[in-house]
Amino acid sequence: MNQQQTLWQFMQQQSDKLLTQTLEHIGLTFISLLLAIAVGVPLGIFISRRRSFAGSILGVAGVLQTIPSIALLGFMIPMLGIGAKPAIAALLIYALLPVIRNTYTGITGVDPSIKEAAQAMGMSKSDILRKVELPLAMPVILAGIRTAAVINVGVATLASFIAAGGLGEFIFGGISLNNSNMILAGAIPAALLAILFDVSLARVQKLNVKKLAAASKALVVIFILLAGFYLAPAAYGSKLLAGFTPEFMGRQDGDLGLKEKYGLKIRTLVISDAVMYKAAYQKRLDVISGYSTDGRLKAFNLVTLQDDRAIFPPYYAAPLVSDNALKKFPLLEQTLNLLSGHINDSVMTELNYRTDYLHETPEKVARDFLVKEGLFRPSRQGNDGTVRIGSKIFGEQYILAEMYRMLIEGNTNYAVSTKTGLGGTKICFDALTNNQIDFYPEYTGTGLLVMLQPDQQTLNSLGSNRDKTYNYVKSEFYEKYRLHWLKPIGFNNSYALMMRQQQAAALHIKTISDLKRFLDNK
Amino acid sequence: MISVQNISKHYGPVKAVDGVSFEVAEGETVALLGTSGCGKTTTLKMINRLIEPTAGELFIDGKNVKDQPAELLRRSIGYVLQNTGLFPHYTIEENIGVVPSLLKWDKQKTRQRTLELLEKLHLPQDVLKQYPSQLSGGQQQRVGLARALVADAPVLLMDEPFGALDNITRTKIQEEFKQLDELKRKTIIMVTHDVQEAFTLADRICLMHKGKIVQIGTPQQLLFHPAIDFVKQFLEGQRLQLELASVKVTDLWDNFSDQPGEDAESETADITIWEAFRLFTNGRTSVTFSRANERKKIDFSALMLAFQQYQEQQTA
Ligand SMILES: Nc1ncnc2c1ncn2[C@@H]1O[C@H](COP(=O)(O)OP(=O)(O)OP(=O)(O)O)[C@@H](O)[C@H]1O
Ligand SMILES: [Mg+2]
């Protein structure tokens with residue numbers, strides 16, 4: 001990974017993906033917009049005829065629009081699964097209100113004496129609608145469509161959470177990879193699209209009434225063409241369907257490595273990890289990119305495939321402590337090291353399962369575990385300075401933070417304050433180097449790939465060797481940042497490919513190479 | 001031609017129109033006159049079924065208006081609105097062409113008829129490609145009239161057609177309106193609250209009050225034989241002007257002393273006294289009027305004297 005890479009270089013290098021994502025984005029926006037028009041305009045006309053329905057229909061559309069987008073996408077999954085369908089449905093719902101409301105306002109706003117004249121001349125109701133009301137309401141209706149288009153460009157970025165593609169893949173991939181070029185490569189085109197649609201629809205809106213009629217018809221055709229972008233076939237077909245997170249898609253130790261080192265060719269959807277495991281369980285996906293200690297592995301009966309060519313570097317967890325803290329709290333190091341060797345992969349998976357899936361509190365899970373291992377001591381209520389613990393924003397980190405708190409309180413006279421939920425890697429790391437916290441649990445692979453970002457040669461030399469990686473990270477971190485990696489806790493929370501246990505067994509797939517062989521076998 | 005039989009329109013407790021009956025003969029112009037809110041517009045709109053009556057029947061040419069679909073009925077009745085109701089998104093040509101296109105006329109015929117009307121209504125041809133907002137109020141009103149006339153419907157309904165115009169333009173258009181031969185053949189019902197306009201344009205006036213007809217008759221009948229005091233009061237403010245505008249020189253014929261006119265040129269006696277006044281300008285002291293074969297030479301004071309006598313005879 002090259003830090004010096006410019007945005008432009010990134011975009012050029014990823015131009016294929018960028019193009020696909022942009023087209024998908026436009027397609028999603030316009031399919032849903034077309035549907036919103038097809039549903040919203042008639043509804044708007046209906047309530048302009050039966051005003052008594054206006055309040056309730058506008059009310060419902062208004063409430064739908066206030067549902068947070070992520071939640072709405074979440075609601076859609078049980079009904080419509082993952083992929084385009086739920087994304088389009090959600091976008092349709094957001095686009096509906098402005099379209100209905102403006103159609104209604106536009107039509108009811110037509111001068112009554114003009115409608116009366118039309119009636120008095122013997123025009124039929126449908127004539128009046130087509131020749132008088134709709135043309136005169138068109139600027140207002142277009143304003144609604146314009147609003148809807150802009151909203152949809154924004155919301156469509158979230159479609160990547162449920163494997164519907166779009167520029168969100170770059171944006172959210174970039175956020176989790178701490179790669180600003182990637183974020184911008186998604187965000188800038190999305191912003192440009194919004195501006196482009198806004199400006200061009202504003203132009204159309206300002207045309208005089210005569211040209212507007214022709215323009216509106218042209219718009220429908222253009223919208224249909226743009227909507228068609230989504231259907232442009234992107235991926236190749238394959239026997240199995242994979243769902244990878246945006247982050248995984250952009251990583252060398254992710255999709256890129258799978259392609260390079262294994263030559264894996266699998267039809268892939270991009271999806272958020274919030275819904276990925278469940279989608280695999282429900283057989284909507286066959287192969288997913290997960291974390292090897294994720295509790296859902298157990299909950300959804302999935303198995304990890306062995307990384308026989310070692311593309312996933314080890315992600316051994318260990319406390320990452322500042323130099324200050326070790327000096328200030330002499331007992332800290334030995335206390336934190338108490339946990340070392342007690343938690344292996346399957347233990348961590350089990351613990352995660354209890355918090356993530358059985359919804360036990362991290363505190364209870366941590367305490368039960370320490371008691372069982374004979375590590376628990378009641379708090380000494382000491383006041384010999386306060387150790388500040390940080391954690392990232394997911395269950396495993398919460399559990400570890402709780403364990404450390406109990407160990408420190410039980411074995412030393414230090415007090416503890418926890419700052420849990422510090423977002424992602426970047427935030428925790430910055431908090432640590434800026435002396436906002438004293439330590440947090442970090443993973444060797446993250447330290448290596450996200451912070452140190454060494455050249456390819458170094459990476460190759462480390463491979464997937466646990467000790468080499470640990471030692472490299474440990475010495476580099478001390479040299480560069482004056483931070484200490486304490487003893488590894490024992491488990492390896494690395495990336496892994498996962499399949500349903502049953503399917504993997506049936507297809508005799510144990511390793512990633514097995515998977516490739518199966519896919520290539522026509 | 002039009003027969004209105006005991007029609008009513010009630011909006012809950014409000015009796016907008018309450019048992020109104022009248023007849024309009026072919027080619028006649030009747031004005032519905034009355035104060036604001038007395039039910040004129042409601043009455044008019046029931047004729048082309050823009051409003052369906054609560055009770056009562058309406059016949060045009062002996063046919064109940066309910067016997068055909070409202071849309072078809074309306075295509076055979078011209079309608080002029082107070083604020084024109086022109087389609088802002090149609091050019092003038094398209095506005096005038098609305099009814100012909102509903103009637104599926106061919107383009108040539110519509111075009112020809114449109115040009116003919118433009119000429120009659122003193123509108124320049126360049127307006128055809130313009131939009132209503134580009135025209136003056138007076139021009140818009142003329143276009144509104146053209147739109148109502150284009151299909152040559154035998155019946156014309158007008159709701160305060162000149163109400164939105166300034167005085168000078170209104171008088172001018174009213175004048176043209178009277179001259180328009182196109183209108184002379186038509187059966188016209190017009191709504192107005194302008195007494196002057198009703199007296200100038202209508203053959204008969206139907207005076208309404210609170211949803212009912214108070215009196216229906218010729219201008220003279222209303223002026224000189226008011227059915228009840230309300231009619232008299234209604235006209236009182238402008239009585240002299242109305243009388244001058246409605247009494248004709250022929251009406252005074254017998255009150256003129258016999259002074260056979262010898263001038264070679266004579267004026268028709270079939271004009272109102274108001275119009276006759278204008279003949280006495282430019283230092284003319286006497287005018288010879290002719291009625292049938294008779295001629296009478298009259299000076300201004302003789303005219304006024306005869307008018308005074310006529311007023312007394314009528315009210316006696
Ligand atoms: N849709 C309606 N609902 C209730 N009342 C109505 C309705 N339309 C008219 N009215 C009432 O009926 C009465 C007659 O109305 P109409 O419009 O016929 O009066 P008008 O003589 O034309 O008055 P103007 O000279 O002000 O136009 C008025 O009192 C009016 O308030
Ligand atoms: Mg009225």
Side-chain angles (χ1 to χ4, degrees), chain A residues 41 44-45 48-52 102-103 105-145 201 203-220, chain B residues 41 44-52 68-91 93-104 129-134 140 143-144 146-151 153 155-160 163-164:
Chain A
V41 171
I45 294 170
S48 73
R49 299 281 182 269
R50 306 270 161 83
R51 307 260 173 120
S52 51
N102 283 39
T103 305
T105 335
I107 287 183
T108 51
V110 173
D111 183 347
S113 73
I114 292 169
K115 277 192 241 181
E116 185 177 85
Q119 220 184 339
M121 278 183 290
M123 287 180 134
S124 64
K125 279 197 177 128
S126 73
D127 277 340
I128 296 176
L129 180 66
R130 281 183 302 113
K131 295 183 181 163
V132 179
E133 290 175 306
L134 282 180
L136 290 177
M138 199 46 78
V140 184
I141 298 176
L142 273 177
I145 292 175
L201 283 171
R203 281 268 171 85
V204 175
Q205 203 185 329
K206 292 211 183 74
L207 291 177
N208 70 31
V209 271
K210 206 15 73 57
K211 290 186 190 143
L212 203 56
S216 311
K217 280 173 204 143
L219 269 189
V220 171
Chain B
T41 299
L44 190 76
K45 286 184 184 170
M46 284 192 281
I47 297 173
N48 66 356
R49 293 179 62 190
L50 286 175
I51 296 176
E52 295 290 351
Q68 55 178 323
E71 279 101 53
L72 295 184
L73 170 77
R74 291 179 192 137
R75 288 172 203 171
S76 64
I77 301 177
Y79 189 73
V80 183
L81 290 84
Q82 172 166 2
N83 34 10
T84 74
L86 294 178
F87 297 166
H89 58 306
Y90 276 27
T91 61
E93 182 164 16
E94 290 165 334
N95 262 292
I96 297 177
V98 170
V99 181
S101 86
L102 290 173
L103 296 172
K104 310 224 157 38
K129 294 278 163 277
Q130 291 178 311
Y131 288 90
S133 59
Q134 297 170 282
Q140 289 182 23
V143 174
R147 183 176 65 174
L149 292 175
V150 65
V155 175
L156 187 61
L157 306 179
M158 303 198 283
D159 193 353
E160 311 210 21

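What you see is a predicted model; the values in this text were computed from it and never measured. Labels below follow one simple rule: chain letters A, B, ... track the order of the sequence lines, proteins then strands, and each chain is numbered from 1.
In this structure, chain B has no heavy atom under 4.5 Å from any part of A/K115. Proximity to chain A involves both the backbone and the side chain of B/T91, based on heavy atoms less than 4.5 angstrom apart. Within the 4.5 angstrom heavy-atom criterion, only side-chain atoms of B/E94, from C-beta onward, approach chain A. With a 4.5 Å cut-off on non-hydrogen atoms, B/R49 does not touch chain A at all. Of the two parts of B/L157, neither the backbone nor the side chain holds a non-hydrogen atom closer than 4.5 Å to a non-hydrogen atom of chain A.
Between B/P88 and A/L136, the closest heavy-atom pair is CG-CD2, 3.6 Å. Heavy atoms only, all atoms of each residue included: A/P135 and B/H89 are closest at CB-CD2, 3.6 Å. Between A/M123 and B/E71, the closest heavy-atom pair is O-CG, 3.6 Å. Residues A/E116 and B/L81 approach most closely at OE1-CD2, 3.5 Å, considering heavy atoms. When all heavy atoms are compared, the tightest approach of B/G85 to A/A117 is O-CB, 3.2 Å.
Across B/L72, B/L102, B/V99, B/L73, the residue that shares the most heavy-atom pairs under 4.5 angstrom with chain A is B/L102. Across B/V80, B/N83, B/N48, the residue that shares the most heavy-atom pairs under 4.5 angstrom with chain A is B/N83.
Contacts between residues 105-114 of chain A and chain B, counted as heavy-atom pairs separated by less than 4.5 Å, involve A/S113, A/I114.
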